[in-house]
Amino acid sequence: MDVLVHPVAHLRGSIRVPPDKSITQRAVLLAACAHQTTQLAPWSSAQDCQRACELIRTLGVQIEQQGEVLVIQGRGADGLTPPTAPLWCGESATTLRLASGLLAGQPFAATLSGGPSLSRRPMRRITEPLTRMGARIQGAHGDASDPEELYPPLRIHGRRPLQALTYTLPVASAQVKSAILLAGLFAEGPTTVIESVPTRDHTERLLERFGVPVLRRGSAVTVNGGTPLKSPGRLAIPGDLSSAAFFLTAAACRPGSRLEAAEIGLNPTRMRLLDVLQRMGARLTRHLVEEVWEPRGSVQVEGGVLRATRVTPEEVPALIDELPLLMVAACCAQGVTVLQGIGELRKKETDRLHSMMEGLSRLGASITLSGAEELHIAGSRLTGARVESHGDHRTAMALAVAGLLAEGTTRIAGAECVAKSYPDFFDVLARLAGSGVIEHLP
Ligand code: S3P
């Protein structure tokens, strides 16, 4: 499906976005291993979360949708059953990597497989620590350029108990941290992950919610093996800040806009985009409504003229999924914005550094790559053109924001991929932007 995006005069109103994808996937996996039933309401039914649900069903756990509520009949730490077929993760790396942690600690073998894009994403970052903990893992090998790398499908021969591990993350990744912590639940003794830069801490917060003590000391986080998971009963997943970010950034860049995103997650390990937009001069306010479990609240933004900024490598993990959007905001800012330490963008659903540079360059942006991991983006006028999503949801949505801010019409090819995280994105955008701004082509 292609979508045409026309320029928007301004964005005004209040939006509600779907519940957080990262948190929903974690909640499904933990609920499966907990005693009793867990109810998620609301929860994200985006494609990636459906994959997590299907995977857990294939491991013998009953999951049902009852109206708006997702009901998961947890089977306890010993309750997962050996799958008779490969566990299909679609394009969800979070599902595959976190499930690998759980499966490492099961007394059976299972295969995790994925679609074309997931099958090209690097897995050694999880297989290495999980192997050290005692799991045996086979995967597909890399080509001559990187023969040491492993790719899905992964065949995991789990072991119970695993060996406890203290591990310093070589790459800042919440998925890797989470895989190790989940495996740590099935280890003998304490498992510790040390991170040089903090990454999103949803797994830690949810583990605590499921009754597992999590010790945080500086940059180290520790769980003790053998602690049973107790269902918290009902969990309300906050709105996904990464989805709200598309609208908030568009509004920040368009003078005359005034937009509110209500009931969204305001976890400090995910919020750096808001800080950076403020640094760029955006008039943005946040209201924390609730601090229990996951902080949540609302964000208001008023559009204005932004100025360039520098994003440092330490800031990247807390805005990793918003980097494509920042590239768009940088095009609308006065001066040259520098984004440093962004090499991980190459390892997402597509090489996002390439897909965004290509898309924005077609719209007339002035972007140069300095070395492998640093971008320089000069503020410039964008003009509509045909751009490609490369099958990547965040590229498609970020380029749609660029289209709103460009002159003329932007055509986004392969726009259906937004279903991975935000199936209704273009409908919500059409309602918000007003008639005629968004057109769907067959
Ligand atoms: C995620 C962590 C990030 C992020 C991804 C979701 C998670 O990936 O980009 O969209 O749910 O833990 P990395 O852990 O690879 O940085």
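Quantities reported herein were computed from a predicted structural model and do not represent experimental measurements. As the structure lists them, so they are numbered: ligands from 1, and atoms in each ligand from 1.
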ask   = Crowded around Arg346 CZ? As in, over 12 foreign heavy atoms under 6.0 Å?
value = yes
request  = Give the atoms of ligand 1, by number and element, whose distance to some non-hydrogen atom of Thr94 is under 4.0 Å.
outcome  = 1 (C), 6 (C), 7 (C), 11 (O)
query = Is Glu195 paired with Lys177 through a side-chain N to carboxylate O contact shorter than 4.0 Å?
reply = yes
remark   = Per-atom filter on ligand 1: closer than 4.0 angstrom to a heavy atom of Ile320 are 9 (O)
request  = Name the closest protein heavy atom to atom 11 (O) of ligand 1, giving the residue it belongs to and the distance to 0.1 Å.
outcome  = Ser22 OG, 2.7 Å
No-hydrogen, no-angle side-chain donor-acceptor test under 3.5 Å, His393 and Ser421 = yes
inquiry  = Tell me the protein heavy atom at minimum distance from atom 14 (O) of ligand 1, and give that distance in Å.
reply    = Ser173 OG, 2.7 Å
key: Glu344/Arg125 salt bridge by N-O under 4.0 Å criterion   = yes
inquiry  = Check this for me: Gln36, atom CD, are more than 12 non-hydrogen atoms of other residues, nucleotides or ligands nearer than 6.0 Å?
reply    = yes
key: Close N or O approach (Val176, ligand 1; < 3.5 Å)   = no
query = Considering the options Asp201, Asp321, Thr199, Asp240, which one meets the side-chain hydrogen bond (donor to acceptor under 3.5 Å, both in side chains) requirement together with Arg270?
reply = Asp240
query = Which of the listed options, Arg26, Gln25, Arg121, holds the heavy atom that is closest to atom 7 (C) of ligand 1?
reply = Arg26
message = Students should be able to answer this: which protein heavy-atom is nearest to atom 15 (O) of ligand 1, and at what distance?
response = Lys348 NZ, 3.3 Å
ask   = Under a 4.0 Å heavy-atom limit, does Arg200 contact ligand 1 with its side chain, its backbone, both, or neither?
value = side chain
key: Arg97 side, atom CZ; Leu130 side, atom CG - distance, nearest 0.5 Å   = 11.5 Å
query = Just distances here: any N/O of Asp321 and N/O of ligand 1 closer than 3.5 Å?
reply = yes
